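Every value quoted in this text rests on a predicted model; they were computed, and no experiment measured them.
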Amino acid sequence: MVRAVPVPAGLIRTALFRGHAWRPAAPGRRLAFAWLALLLALACAPVLAAERPVLLVMGDSLSAAYGIERHEGWVSLLAERLDGKAQVVNASISGETSSGGANRLPELLGQHSPDIVLLELGGNDGLRGLPPGQFEANLTDMIEASREAGAEVLLLGIDIPPNYGQAYRDAFTGVFLRLAEAYELALVPFLLEDVALEDGLMQGDGIHPTADAQPIILDTVWPELEPLLEENGAEPATLSGAPADQD
């Protein structure tokens, strides 16, 4: 049987020093190590930045801050709330239709490689009285293209004025519900909830929200968006700002 023979600690330290297993770093060596650590940190910084979730917003004038300052729009407020924990790319264009969005999306997916795509389109299709089936086909193409690119999709639903008739409105809003169910997507049923019928929150045209309405719109989107952010690396503890209080 082999027995372990205890060795005094002093002998172990002496042996280690003599064998150069460890030695205190000289001042010059410490400085070199410090510079090396700094260089490594700088080299890794772009990689860390690239790991932030990327959000691509595909919308129309409701997301393009029509009639107000760009920084007042809900998408800009979203970027402020995220405080650098995610990158927000706003590709919204006033007057955009689902057809135009479907045509632009492939290039944007390749350019930005988003983790989450927010689809806020269809309002202009409805205002032009376009067939809901055409609108649905375009949104379907955008959902499938986004998923093929590895992105999750959040649908932002919209309604149209009552004068278009209840049958057309039902067919129009039904597109969002049907696609959300078919593709198991997160859905905000009505982007302008608590805004559209409130005095002072809509511009004179009755279609576009005012600057005062933008925080409310963001708070409407946030409950559906936050879980997607968490799934893509933006931890709850790092997400800044609770929804704004509403009077």
Exercise for the section: Measure the shortest side-chain to side-chain distance between F190 and T173 over non-hydrogen atoms and say whether it is less than 4.5 angstrom. Expected result: no
Handout entry: Under 3.5 Å: donor-acceptor pair, side chain of N124, backbone of E96
Key = yes
Handout entry: Step-by-step side-chain contact (heavy atoms from CB on, under 4.5 Å) determination, R70 to N90
Key = CA-CA 11 Å; R70 184 81 171 183; N90 192 359; 3.6 Å; yes
Handout entry: Heavy-atom side-chain proximity of V89 to Q111 below 4.5 angstrom
Key = no
Problem - Atom of E152, atom of N232 and distance for their closest heavy-atom approach - result: OE2-ND2, 2.8 Å
Exercise for the section: Kindly work out whether a path of hydrophobic side-chain contacts (I/L/V/M/F/W/Y, heavy atoms less than 4.5 Å apart) joins L56 to L185. Expected result: yes
Handout entry: Result of checking V117, L228, V75, L118 against L55 for side-chain contact (heavy atoms from CB on, under 4.5 Å)
Key = L118
Exercise for the section: Check for a donor-acceptor pair, side chain of S61 on one end and backbone N or O of A64 on the other, with a separation under 3.5 Å. Expected result: no
Fill in the blank from the handout: When every non-hydrogen atom of A213 is compared with those of L201, the smallest separation belongs to CB-O, 3.5 Å
Exercise for the section: Without swapping roles, check the side chain of Y164 against the backbone of L127 for a donor-acceptor pair under 3.5 Å. Expected result: yes
Practice task
Decide yes or no for W222 and L78: does some side-chain heavy atom of the first lie under 4.5 Å from some side-chain heavy atom of the second?
Solution key: yes
Handout entry: Check: D125 side chain, S98 main-chain N or O, donor-acceptor pair, under 3.5 Å
Key = yes
Practice task
Determine yes or no for a side-chain-to-main-chain donor-acceptor pair under 3.5 angstrom, with R169 supplying the side chain and I160 the backbone.
Solution key: yes
Practice task
May I ask you to check whether over 12 heavy atoms, not counting those of E181, lie within 6.0 Å of atom CD?
Solution key: no
Handout entry: I158 vs F172 side-chain heavy atoms within contact, under 4.5 Å
Key = yes
Problem - Backbone of Y183 reached by a side-chain donor or acceptor of R147 within 3.5 Å - result: yes
Problem - L191 versus T220, closest heavy-atom pair with distance - result: O-CG2, 4.1 Å
Problem - Under 3.5 Å: donor-acceptor pair, side chain of S76, backbone of E72 - result: no
Handout entry: L121 to M58 - nearest heavy-atom pair and separation
Key = CG-O, 3.7 Å
Practice task
Taking all non-hydrogen atoms of both residues into account, name the closest pair between L77 and P215 and its distance.
Solution key: CD1-N, 3.7 Å
Fill in the blank from the handout: In this structure, CE of M202 is separated from CG of L197 (nearest 0.5 Å) by 8.5 Å
Exercise for the section: Would you check if the side chain of Q203 reaches a backbone N or O of T210 as a donor-acceptor pair within less than 3.5 Å? Expected result: no
Exercise for the section: Identify whether L218 and Y66 are in the same connected component of the hydrophobic contact network (ILVMFWY, side-chain heavy atoms under 4.5 Å). Expected result: no
Practice task
Using the rule that two of Ile, Leu, Val, Met, Phe, Trp, Tyr join whenever any of their side-chain heavy atoms come within less than 4.5 Å, decide whether L156 and I93 are in one cluster.
Solution key: no
Handout entry: Interatomic spacing from CG in L154 to OG in S146 - rounded to 0.5 Å
Key = 11.5 Å
Practice task
Look at the side-chain heavy atoms of Ile, Leu, Val, Met, Phe, Trp and Tyr, link any pair under 4.5 Å apart, and say whether L130 and I207 land in one connected group.
Solution key: no
Practice task
Look at the side chain of Q214 and the backbone N and O of I68, then say whether any donor-acceptor pair between them is shorter than 3.5 Å.
Solution key: no
Practice task
Taking atom CG of D199 as the centre, report whether more than 12 heavy atoms of other residues, nucleotides or ligands fall under 6.0 Å from it.
Solution key: no
Handout entry: Shortest non-hydrogen separation from A145 to L109 and the atoms involved
Key = O-CD1, 3.5 Å
Exercise for the section: Measure the spacing between CG of L187 and CG of L179 and express it to the nearest 0.5 Å. Expected result: 9.5 Å
Problem - Derivation and outcome, side-chain contact (heavy atoms from CB on, under 4.5 Å), residues I217 and L62 - result: CA-CA 10 Å; I217 296 173; L62 298 180; over 6 Å; no
Exercise for the section: Taking atom types as modelled, find out whether E120 and S63 have a side-chain donor-acceptor pair closer than 3.5 angstrom. Expected result: yes
Fill in the blank from the handout: d(E144 CD, L139 CG) to nearest 0.5 Å is 11.5 Å
Exercise for the section: Using atom types as modelled and distance alone, determine if a side-chain donor or acceptor of D115 lies under 3.5 Å from a backbone N or O of V54. Expected result: yes
